[in-house]
2 protein chains.
Amino acid sequence: MNHIDKLVEHLRRKIKLTDRDIGLISDSFKLKELKKKEILLFAGDRSTHMRFITKGCLRSYYIGEDAKEHIQQFGIEDWWINDLYSYITDTVAKQFIQAVEDSYILQIHKKRLNELYVEIPLFEHFFRIKFERAYVSLQERTINSMSKSAEERYLEFRSKHRSIEQRVPQYMVASYLGVTPEFLSKLRRKMGS
Amino acid sequence: MNHIDKLVEHLRRKIKLTDRDIGLISDSFKLKELKKKEILLFAGDRSTHMRFITKGCLRSYYIGEDAKEHIQQFGIEDWWINDLYSYITDTVAKQFIQAVEDSYILQIHKKRLNELYVEIPLFEHFFRIKFERAYVSLQERTINSMSKSAEERYLEFRSKHRSIEQRVPQYMVASYLGVTPEFLSKLRRKMGS
DNA sequence: TCAAAAACTTATCCTAGGTTAATATAGATA
DNA sequence: TATCTATATTAACCTAGGATAAGTTTTTGA
């Protein structure tokens, strides 16, 4: 299955698309190949595209005032990844987006996406729902990070995202959970595995 | 200025509305009065309405596994307040919404709002942007809570939301910041005020 | 106007998680 | 195959913030 087909199948799980719609979509999204460690978006630049992963694994992270990396999100096949903050508000990104493995993404420019909202009204509907879901999962993450212990967060991450845990180095999981790699290591020993 | 006028003015800052639109809106939103401490939404119920504050001050909070209240959001005049998670996903709310002062809100049922999206297309546009902003401010909050100290978060809260700080008890600010009232008290003394 | 309740402070002791630094192990690449 | 570089672990010690338990002050409402 080619890259555009993956995107179309993803969209079709939520909205109906005509052949005309698919033509518009094919012409609007551009494929980009990324080598492991390649950076797709730099903090300081503006995020002008919406991005859909068709293959591989990426992460978004920001550099805190402590000069350390904090991972905000992982993304694998069939996920969208972005610095939504920058994209939405047209401000410079605070986050980097980097390929953790060799990857492929399909991206569409914001300007073109806004046109598509008009050309395909269900597309705006799709993205309203997408932003709602993004909000929901961010809220879960916020609540978790504020009211659960690192051990609880780790257990939850393992059960929800086992496939990601197996693809990224452990220090990135630690960063995602908001603890040091040393502490995660300590936890793992304590938990017996 | 009456309650509906406040809502209309709020909407007009973002989208154009015809007289017909305003008629539809007036008929769709219902006014609700709340006495101080009255609970608008109970955890365990479903949040079936979108809610706009025309007067007063409310808070949303959940009871953590530690059996303590964690405030997620404050809202004052001209803000929307909700358990968006419950509203969006049609699941039972994890949060309570309670009046901190005597308040008035305008609320619209989700079913009716979805109809309005069709009757007034700009309304869906308005709410897409609203969800985007909700996402953005939640992301700021998450990043803050994970990478800043309680003291930094308190200073930021004070400068961004002085008007709220003056209207709610200090233990609620502590809860919003994710610290105990005792610790906030300690901080305030250390900071000299 | 005066109890009772709500909010705030202080002090002591305690713990989750951080820091630093040294060592171990595993991939990669020449 | 040997060597670099990226990960992961361990251990000793440190700190931000929590728990508990008294107080004190402020607000409320009969």
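Residue numbering restarts at 1 for every chain, and letters A, B, ... go by the order of the sequence lines.
- Atom C1' of nucleotide C/dA16 and atom CE of B/M146 are separated by 14 Å, given to the nearest angstrom.
- Between B/K186 and B/E151 there is no salt bridge, since no side-chain nitrogen of the basic residue lies less than 4.0 Å from a carboxylate oxygen of the acidic one.
- At C/dA6, none of the side-chain N or O atoms of B/Q170 fall inside 4.0 Å of OP1 or OP2 (strictly under the cut-off).
- With DNA chain D read from its 5' end, the first of the two nearest nucleotides for B/E151 and B/K36 is the one closest to B/E151.
- Under the 4.0 Å criterion applied to side-chain N and carboxylate O atoms, A/R13 and A/D78 are assigned as salt-bridge partners.
- Taking atom NZ on B/K37 and atom C1' on D/dT27, their separation rounds to 10 Å, with Å as the unit.
- Ion pairing between a basic and an acidic side chain is recognised when a charged N comes within 4.0 Å of a carboxylate O; B/E152 and B/R158 show no such pairing.
- With rounding to whole Å, B/M191 atom CE is found 12 Å from D/dG17 atom P.
- The NZ-C1' distance, from A/K148 to C/dG17, rounds to 19 Å in whole Å.
- Within residues 179-187 of chain A, the residues having any heavy atom under 4.0 Å from DNA chain D are, by residue number, A/E182, A/S185.
- Atom-to-atom, CE of B/M172 to P of C/dA7 comes out at 7 Å; the value is rounded to the nearest Å.
- In this entry the distance linking CZ of A/R188 with P of C/dG17 reads 17 Å, nearest Å.
- We find that OH of B/Y171 is positioned 14 Å from C1' of D/dT26, with the value rounded to whole Å.
- Taking the side chain as every heavy atom from C-beta outward, B/M172 and B/E69 never approach each other to under 4.5 Å.
- Note: A/F42 and A/F96 have perpendicular aromatic rings, judged against thresholds of 30 and 60 degrees for the angle between ring planes.
- A/R20 has no carboxylate O lying under 4.0 Å from a charged side-chain N of A/E119, or vice versa, which leaves the two without a salt bridge.
- Counting only heavy atoms from C-beta outward, the side chains of B/I105 and B/H3 never approach each other to under 4.5 Å.
- Taking atom CD on A/E101 and atom C1' on C/dG27, their separation rounds to 16 Å, with Å as the unit.
- Checking the phosphate oxygens (OP1, OP2) of C/dA11, a side-chain nitrogen or oxygen of B/R189 falls inside 4.0 Å.
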